[in-house]
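Note sheet for the following structure.
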Amino acid sequence: MKLGFYPGCSMKGGSREYKESVAAVCKAFDIELVEVPDWNCCGATAAHNLNKELALSLPARILAQAEKAGLSEILIPCAACYNRLSVTQHELNENDKLKERVKSILGMDYQGTSSIINIIQMIDKYVLPNLDGKVVKSFNHLAACYYGCLLVRPHGILKFDRPEDPVTMDNVIRKIGGSPVEWAYKVECCGAGLSVSKTEAVARLSGKIVEDAADRGSQVIVVACPMCHLNLDMRRPESNKYLKRNIDIPVIYITQAIGIALGMSGKELGLQRHFVPVILKEKPEEPAPVKPAKKVVQTQEMEA
Amino acid sequence: MSGTTHQTTEDNSLSGELLMHTHVESMRCYQCGKCSAGCPMALDMEYPPSVVMRMLQTGDPELEDKLLRSYAIWVCVTCETCFARCPMEIDIPKVMDYLREKSLKMGISSPKAKHIIAFHRAFLDMIDKTGRMYELGLTVDYKMRSMTLGQDVGLAPGMMSRGKLGLFPEMIRDKKHIAGIFSKTIKRKEGGQ
Amino acid sequence: MARIGVFICHCGENISATVDCGKVAEVTSRLPGVAYSTDYKYMCSDPGQTKIKDAIREFHLTGVVVAACSPRMHEPTFRKACAEAGLNPYLCEMSNLREHCSWVHPKGDVTTEKAIDLVRTLVEKVKKNESLMPIKVPVTKTALVIGGGVAGIQAALDIANCGHKVIMVERDPSIGGHMSQLSETFPTLDCSQCILTPRMVEVAQHPNITLYSYSEVESVEGFIGNFKVKIRKKAKCVDEKDCTGCGLCTTLCPQKKIPSEFEQGLGFRPAIYVPFPQAVPNKPVIDKPNCTYFQKGKCRICEIKCPTKAIRFDQQDEILEVEIGAIVLATGFNILKTDFFPEYGYGKFKDVIDGLQFERLASASGPTLGEIRRPSDGKVPEKIVFVACAGSRDPAKGIPYCSKICCMYTAKHAMLYKHKVHEGNAYVFYMDIRAGGKMYEEFVRRAIEEDHAHYIRGRVSRIYEKNGKLIVKGADTLLNSMPVEIEADMVVLATAGVANDGAEELAQKFHVSYDGYKFFAEAHPKLRPVETNTAGIFLAGACQAPKDIPDSVAMASGAASKVAALFSNDELTREPLIAEVNRCAPPLFSTCTGCFLCQLVCPYNAIEREQITDRSGKLIKELAKINPGLCQGCGTCVALCKSKSIDIHGYTNAQVHTEVLALLNEYA
Amino acid sequence: MDTENKLLKKASLQKLIEKLNADGKKILAPVIKGKRVEFGLITSSDQMADDYIVTNQSVKSVAFPKFEKLFSYEVTKEGITQADTGYSTFPEFVILGARPCDANALGSIGAIFNWDYHDKLYFDRLEKTTMISTSCSKCDDYCFCTSAGGHPGSTKGSDIQLTRLETGDYFAEILTEKGKKLTSVSPDLFETAPSVDKSKYLAEVPVKFKVDEAVAKVKTVFENELWLDQSLRCIGCGACAFVCPTCACFDIQDETKGKNGIRLRCWDSCGLSLFTLHTSGHNPREVQSQRWRQRIMHKFAYMPERQNVTGCVGCGRCSRACPVDMNIMEHLINIVEVK
Amino acid sequence: MLEIKQKARELLESGKAQVVIGYGKGPNNTTRAIFVRKPEDADKLVLDDTCVQNLALYIYKHEVRHFGKEAVVATLPVLRSLLQLASENQVKDNEIIAIAITPDNKVVELDSFAAIEEHVRLFNTGLTEDEKDLLKKINAMGLEERWAFWNKEFSKCIKCYACRQSCPMCYCPRCAAEVNQPQWIPVAAHQHGNIEWHIMRAMHLAGRCINCGDCARACPVDIPLNLLTYNLIEELNNEFKYTAGLSASQTYVLSTWKLEDKETFIR
């Protein structure tokens with residue numbers, strides 16, 4: 001099958017291993033990725049911080065280009081790009097005046113009919129149903145699935161998973177043999193766009209995320225966003241410094257996790273490109289699990 | 001607080017302007033503080049989100065001015081946590097976007113935020129020129145603007161060795177189109193950067 | 001030919017100051033059909049009334065128009081006077097010259113003209129008035145109280161003490177409601193069970209009260225004074241007469257780990273159980289879905305061991321039909337379900353509990369025997385966080401209203417905790433403190449000042465668990481919204497009070513209206529707070545809106561007094577100003593087409609279907625029929641009837657039509 | 001009087017119209033109104049419809065309008081005073097281009113309005129009306145005048161009849177004194193006529209049944225099932241009666257305003273269910289088949305009996321107007337064919 | 001067409017129906033309603049483009065009901081009429097058999113409201129583009145122009161009540177126009193009486209008209225009466241997403257109230 005594809009800038013640079021692993025996984029499942037022709041940057045945080053119309057026009061151009069190429073469903077693996085494009089589509093669909101204005105800025109027609117999906121939705125929809133028999137190496141690790149902000153918020157627009165306690169990625173990990181850990185920082189912010197301009201804040205925020213993952217015994221942090229990856233991986237020295245601890249949990253993309261389970265090589269998946277070396281420890285043998293008490297269904301009985 | 005506090009939104013207050021341009025009703029805020037409680041950057045802000053909303057509610061020009069000059073609006077990372085949990089469903093990130101744009105337009109942005117703004121500008125300039133973000137160029141440009149030459153130098157070789165840093169920017173074919181978009185939006189409003 | 005008498009009142013100077021009353025009398029005397037017309041200073045006075053009576057007799061009047069003040073006050077006066085003179089009272093109408101004319105216009109010819117118009121309009125109407133007789137509806141003097149919480153108990157006892165029969169229906173195995181779950185009550189901190197239990201026992205022992213516990217209302221028909229109610233008595237599988245309530249069965253039942261509803265899931269009960277020791281009736285029921293015998297076909301331990309052989313596995317639900325004169329709905333409220341707060345981990349973290357659970361922890365009869373111990377590991381919490389407005393005042397979660405009771409019980413909880421765990425720390429996150437009520441504000445201040453509960457003004461953003469602690473992230477909005485992070489051992493959410501399960505179905509069953517939150521709607525928010533739109537059905541307690549014990553009890557007594565007033569007569573006298581579907585000769589029988597669009601709009605459910613059959617019983621036609629016991633004369637059906645087959649007595653189509661024409665000076 | 005035959009040149013017709021208008025007479029003639037042809041006031045001959053069988057509505061409203069004030073009254077304390085109608089204010093009408101069947105029909109209505117009571121209103125109006133009919137040069141499937149005692153060139157009820165010749169000129173038969181009087185406004189317009197075989201210009205309307213047979217038969221089939229069969233699809237509206245040139249039923253209504261009121265006569269139809277509804281709620285003609293029977297019986301049994309005329313002239317309007325294709329001719333043939 | 005005849009014969013032969021209301025041919029090649037009671041007469045049934053009359057009004061006609069169980073050759077307006085009549089308690093479920101045609105020209109027998117509802121869902125039940133255009137045209141007129149237009153149209157009315165009598169929804173045994181105590185609507189066919197009559201009738205059809213167009217077709221003086229109901233149909237569709245005659249159980253839109261009802265139409 002064919003799927004529209006918007007890689008976004010960072011996939012060409014800082015997170016090329018994400019692209020490599022997305023490509024590898026898609027290939028394994030016969031998904032042909034058709035890049036949006038002559039795509040541009042979505043404008044990221046910078047654009048909407050500085051100028052609203054620009055922040056809408058840049059993503060709108062991408063969508064218009066996709067429409068022109070007849071791409072009805074577009075995979076956007078970068079959570080930030082996914083968010084910007086989704087929000088743009090929503091805002092323009094809600095406001096005809098704005099839509100007209102943006103169309104005139106673009107000098108292009110724009111309908112807003114393409115459906116946009118993020119990487120986890122794509123995996124959920126096209127990979128999981130065909131997973132049977134493909135897993136050659138169980139992903140036997142305690143994994144902290146980190147969703148970040150932009151996959152789940154604003155929920156009213158993205159309508160993806162449960163905004164406070166998402167589970168889709170955990171489910172993917174479980175399906176490939178992994179054990180997702182219960183932890184508290186699934187949707188906390190990593191500091192995102194302030195990585196360069198306010199590194200100390202990012203060190204703090206990312207540090208707390210990494211720390212919680214470590215404290216819960218995670219052996220790997222799984223992400224679905226280049227920005228998150230950057231902050232949790234490349235900024236590890238800074239965050240370790242902030243934490244005054246040396247945490248060496250590797251951070252990998254969800255597609256890399258799937259690739260590993262499919263038996264792909266580290267090189268194929270670009271694991272060597274990470275700052276924190278990807279050394280995956282096996283999940284320890286657990287003592288026979290204590291049978292959890294039967295789930296109590298609380299019923300609030302009332303009079304009559 | 002001056003004597004002109006607590007105006008209504010019909011006045012030429014900032015909150016009225018917000019209502020008109022973003023449809024966000026700052027008057028809905030009842031100051032529960034859930035936004036500030038959940039804000040990851042609240043510690044760095046001199047006015048956490050709920051205080052920002054309160055300042056808007058007063059309609060006091062002095063407070064509005066303080067707000068537009070604040071560092072808080074720049075340090076907001078638009079993580080949307082506040083909006084996600086706001087019991088009154090107020091789109092605070094949208095408010096922040098608006099305040100930033102206005103602050104910039106009026107040229108009264110917090111000097112403390114100059115690095116952040118410099119980064120954003122460098123970022124946008126890069127897109128303006130190439131259509132896409134190009135990390136090496138962006139870093140160099142940003143460092144020139146922010147005069148933070150020393151910071152993060154250590155990263156470059158690491159990135160380079162991991163194949164994460166291209167030496168040359170990737171350009172899109174229709175650069176004119178992008179330039180056109182810039183000239184019709186951000187440059188139009190700022191009278192050309 | 002009509003012979004109308006017109007009586008213009010000066011109302012002292014209230015009317016005559018701006019209206020030329022003599023001229024009004026003079027002009028109207030010339031109207032066709034007017035037999036007598038006069039004016040007088042005080043028509044409502046004895047001499048004034050005598051004038052009317054004399055004129056009726058002397059001029060053989062067929063109708064009377066009194067042009068005076070608002071009919072609200074004196075219509076009964078003049079109608080009574082007419083009746084005394086032998087004229088049907090409904091042939092007398094009042095024109096409101098005072099409020100509608102003299103008080104609102106300056107003196108002048110135009111004002112007098114308007115007065116003439118008003119009188120002429122009514123003269124034309126009265127020509128078409130008909131003699132009416134008040135409607136008498138018999139009253140069955142038995143009340144039905146639905147719900148055995150404190151409101152239902154109060155209402156039942158009050159009615160029963162007036163000497164009337166009461167049937168109480170309770171869904172659960174025991175009466176007592178939420179109040180029986182509470183530890184202590186604000187603002188006095190007296191023991192809830194201690195004050196409630198005697199009342200529960202009183203209900204059980206009252207000769208006028210019949211209690212059907214473990215029962216539900218199946219259907220309701222009829223109208224005020226004459227309801228027919230079907231009650232489903234769910235099978236308890238225990239013979240109430242044979243059972244002595246010894247409790248042996250409950251100790252022998254092999255099923256021991258069923259979460260107790262009464263303990264809010266914090267404790268357990270067997271499958272044959274009495275919900276709590278003070279239950280009324282204090283006889284067990286078998287919870288079929290959890291009973292080994294019912295699920296697996298064997299066990300029967302209770303049956304074998306029962307000393308009085310009271311177990312009846314084959315018992316079936318029983319349907320009772322009762323005749324009822326008035327109904328009190330006291331079905332109470334509920335609290336939010338656990339899936340409501342993902343950001344607080346409500347339902348996910350064991351130590352994030354709700355207020356009712358805390359009540360059970362604090363209750364001496366509760367699962368911890370009154371010691372505050374957290375559910376996860378039984379540890380006594382050293383730090384406890386109370387979150388007020390958990391769900392309330394939260395439009396994003398669909399509950400914009402204030403639940404009213406939480407501020408008070410949260411203060412109480414903080415206090416109880418501090419009384420039991422002296423070295424502990426209690427934090428209360430609040431938005432506003434709403435402590436309106438006698439001794440309420442003082443109570444909250446006591447929690448803060450004497451018991452040192454830390455009140456923080458701000459809403460909690462998130463709670464997560466880490467290393468056995470609950471990390472509560474909030475902000476102090478009184479300190480520039482400074483972030484506050486508390487590592488608590490337990491969190492108590494003051495979850496919003498919401499309408500009870502099944503409230504909507506129940507409301508529809510009883511034809512009472514309800515609001516957007518499914519709380520039952522009162523007939524008038526200020527003046528008829530315990531009545532519903534359906535005559536004869538009253539509200540008590542938190543089924544109408546969240547309320548505390550004193551409010552519930554007061555409302556229950558209010559509803560009871562309404563019932564007692566209704567029962568004070570053998571018959572209900574109703575104004576005959578009600579709607580009626582016309583009748584005519586066969587083959588039509590009525591011009592009603594039987595479309596029943598009227599049935600849909602009647603707010604009082606007064607429209608029934610009547611079948612016209614021939615002698616052999618074959619259906620000829622189905623017609624709308626208005627139940628005079630239910631009709632309130634609102635006229636909605638009249639407006640909707642396309643074939644104009646419905647009329648309201650006193651305001652018939654013909655009367656309204658002629659009034660309009662008369663006002664346009666086009667009277668016939 | 002004896003008929004005078006004249007020639008009215010095509011151009012003269014226009015002049016005649018002008019003269020009559022100038023003389024204060026109102027001229028009613030068939031005019032095209034959308035898809036229909038109706039009588040309307042004209043001031044010039046080119047306003048007249050040229051190609052039509054009959055007008056959709058009949059000409060009867062000139063003397064029997066759809067509603068008419070009978071008198072006015074005033075209610076006072078003392079009683080009711082009645083004011084007279086404005087009889088004398090009726091304008092003088094000239095009907096130009098009615099078909100022979102229409103002209104004939106006014107006589108049928110007249111027979112009713114002059115039966116047990118002489119209806120002054122009707123006859124006063126008729127008195128002020130001059131009827132110039134035009135003979136029929138064509139007919140359609142609905143026409144059956146020849147079965148109803150008429151024919152396309154019948155002069156009964158006309159004061160003047162025009163027959164169009166191939167030249168476009170008219171052969172004018174001056175039939176009555178009233179007709180003669182009308183020609184006197186401009187006698188020169190009516191030229192001496194050549195000898196004309198009028199029948200050559202007339203449509204051929206086939207005879208479907210004999211009117212006498214129908215009249216005789218109708219009396220015998222009162223209890224027959226055919227009424228039900230015929231009227232099953234009848235929806236009980238008044239369209240047939242209201243377009244019928246001979247239907248004369250009316251309803252009396254009072255309309256009041258203040259103390260004053262007027263009494264009106266309005267068209268009514270025996271096909272409407274309310275027509276015979278009693279105050280008691282009982283309706284002697286309870287179902288539509290009874291009403292349909294009444295309609296036919298009245299026209300073909302009661303009127304011949306009482307007024308010595310049939311109540312149908314065979315114009316076919318009712319069948320054309322009927323929303324559910326009730327065809328009176330077809331139904332009459334059925335009746336005649338009853339064994 | 002053959003199938004219709006066959007179906008009708010089947011129904012009559014099996015005794016499932018005692019009368020089939022359908023279309024037949026009259027003299028002059030006209031189309032009319034016929035009432036087939038004998039299987040051999042089923043051959044008289046036709047169904048073509050001229051079969052436009054809404055036969056639903058015959059199902060409750062006393063004389064027709066008298067024959068016994070009715071079947072009706074049901075075009076879309078007939079089916080929608082049946083559903084609307086059902087929602088107004090005028091026909092009962094399983095009382096009538098509808099012989100209907102599917103969009104792919106198959107004859108189907110629908111003997112329950114549920115089946116009719118399902119069948120109706122196969123068709124477009126909104127106003128057609130032509131009808132919408134007409135509505136636009138009339139709404140584009142200014143108030144005064146529109147008033148003049150209707151005044152002119154109504155002046156033609158002769159109060160024959162063909163509009164009412166042809167309408168399946170006008171089933172009242174005593175029409176509001178016939179109420180004479182008091183006389184709300186003047187009987188005479190003068191302007192005032194005509195306007196009141198037609199506006200009253202249109203209002204009584206608000207939310208009930210299923211747009212068969214028979215009122216306009218029946219009018220002997222060609223008043224475009226269905227133009228009056230177009231507007232009502234559109235308004236109710238726009239304001240309440242309500243279309244009459246789609247379900248036997250739908251409650252009358254103008255006498256019910258929902259929380260989500262907007263009140264913007266009150267101007």
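Reminder, nothing fancy here: chain letters follow the sequence lines and each chain counts from 1.
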Discussion item. Report, in residue-number order, which members of residues 279-289 of chain D are under 4.5 Å from chain E by heavy-atom distance.
Written reply: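 Near chain E, by residue number: D:Val287, D:Gln288, D:Ser289.
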Fill in: Aromatic contact, D:Trp292 with D:His331 (centres under 6.0 Å)
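Yes, they do, as the ring centres are separated by less than 6.0 Å.
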Discussion item. Quick check: under 4.5 Å, non-hydrogen atoms only, which of residues 188-197 of chain E neighbour chain D?
Written reply: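 Answer by number: E:Ala188, E:Ala189, E:His190, E:Asn194.
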Which atoms of [X] are under 4.5 Å from chain D, going by heavy atoms: the side chain, the backbone, both sets, or neither?
X	answer
E:Cys157	backbone
E:Ile158	both
E:Phe67	side chain

Worksheet item: So among E:Thr229, E:Leu57, E:Leu85, which one has a side chain to side chain contact (heavy atoms under 4.5 Å, CB included) with E:Met169?
Response: E:Leu85
Item to complete: For a side chain to side chain contact (heavy atoms under 4.5 Å, CB included) with E:Ile21, tell me which candidate from E:Ile59, E:Ile34, E:Val78, E:Val36 qualifies.
Response: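 Testing each of E:Ile59, E:Ile34, E:Val78, E:Val36 against E:Ile21, the sole residue satisfying side chain to side chain contact (heavy atoms under 4.5 Å, CB included) is E:Ile59.
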Item to complete: Name the member of E:Arg217, E:Arg164, E:Arg174, E:Gln53 that forms the most heavy-atom pairs with chain D at distances under 4.5 Å.
Response: E:Gln53
Discussion item. Among E:Cys163, E:Cys219, E:Gly26, E:Pro27, which residue has the highest count of heavy-atom pairs closer than 4.5 Å to chain D?
Written reply: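 Heavy-atom pairs under 4.5 Å are most numerous for E:Pro27.
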Worksheet item: So E:Tyr60 and E:Tyr171, would you call those rings parallel, tilted or perpendicular, with 30° and 60° as cut-offs?
Response: perpendicular
Worksheet item: What orientation do D:Phe209 and D:Phe300 show, parallel under 30°, tilted 30 to 60°, or perpendicular over 60°?
Response: perpendicular
Worksheet item: Has the side chain of E:Lys159 got a donor or acceptor atom that lies under 3.5 Å from a matching backbone atom of E:Val187?
Response: yes
[X] portion near chain E, given a 4.5 angstrom heavy-atom threshold:
X	result
D:Leu264	side chain
D:Cys237	both
D:Leu277	neither
D:Asp268	neither

Fill in: Straight-line distance of E:Cys160 SG to D:Trp267 CH2, nearest 0.5 Å
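Separation between the atoms: 10.0 Å.
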Fill in: Distance (rounded to the nearest 0.5 Å) between E:Phe149 CZ and E:Phe154 CZ
9.0 Å
Any side-chain donor-acceptor pair under 3.5 Å between [X] and [Y]?
X	Y	answer
E:Gln84	E:Glu88	yes
D:Lys210	D:Ser147	no
D:Thr246	D:Ser108	no
E:Lys25	E:Thr30	no

[options]: which one forms the most heavy-atom pairs within less than 4.5 Å of chain E?
options	answer
D:Ala239, D:Cys322, D:Ser231, D:Ser61	D:Ala239
D:Gln253, D:Glu38, D:Arg320, D:Arg36	D:Arg36
D:Lys35, D:Gln57, D:Lys33, D:Lys66	D:Lys66

Fill in: E:Arg65 to E:Tyr58, cation-pi by 6.0 Å centre distance and 45° axis angle
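No, a cation-pi geometry is absent between E:Arg65 and E:Tyr58.
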Worksheet item: Between E:Asp41 and E:Lys5, is there a side-chain N and carboxylate O pair less than 4.0 Å apart?
Response: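 E:Lys5 and E:Asp41: not salt-bridged.
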Discussion item. Regarding D:Glu330 and E:Arg32, does a basic nitrogen lie under 4.0 Å from an acidic carboxylate oxygen?
Written reply: yes
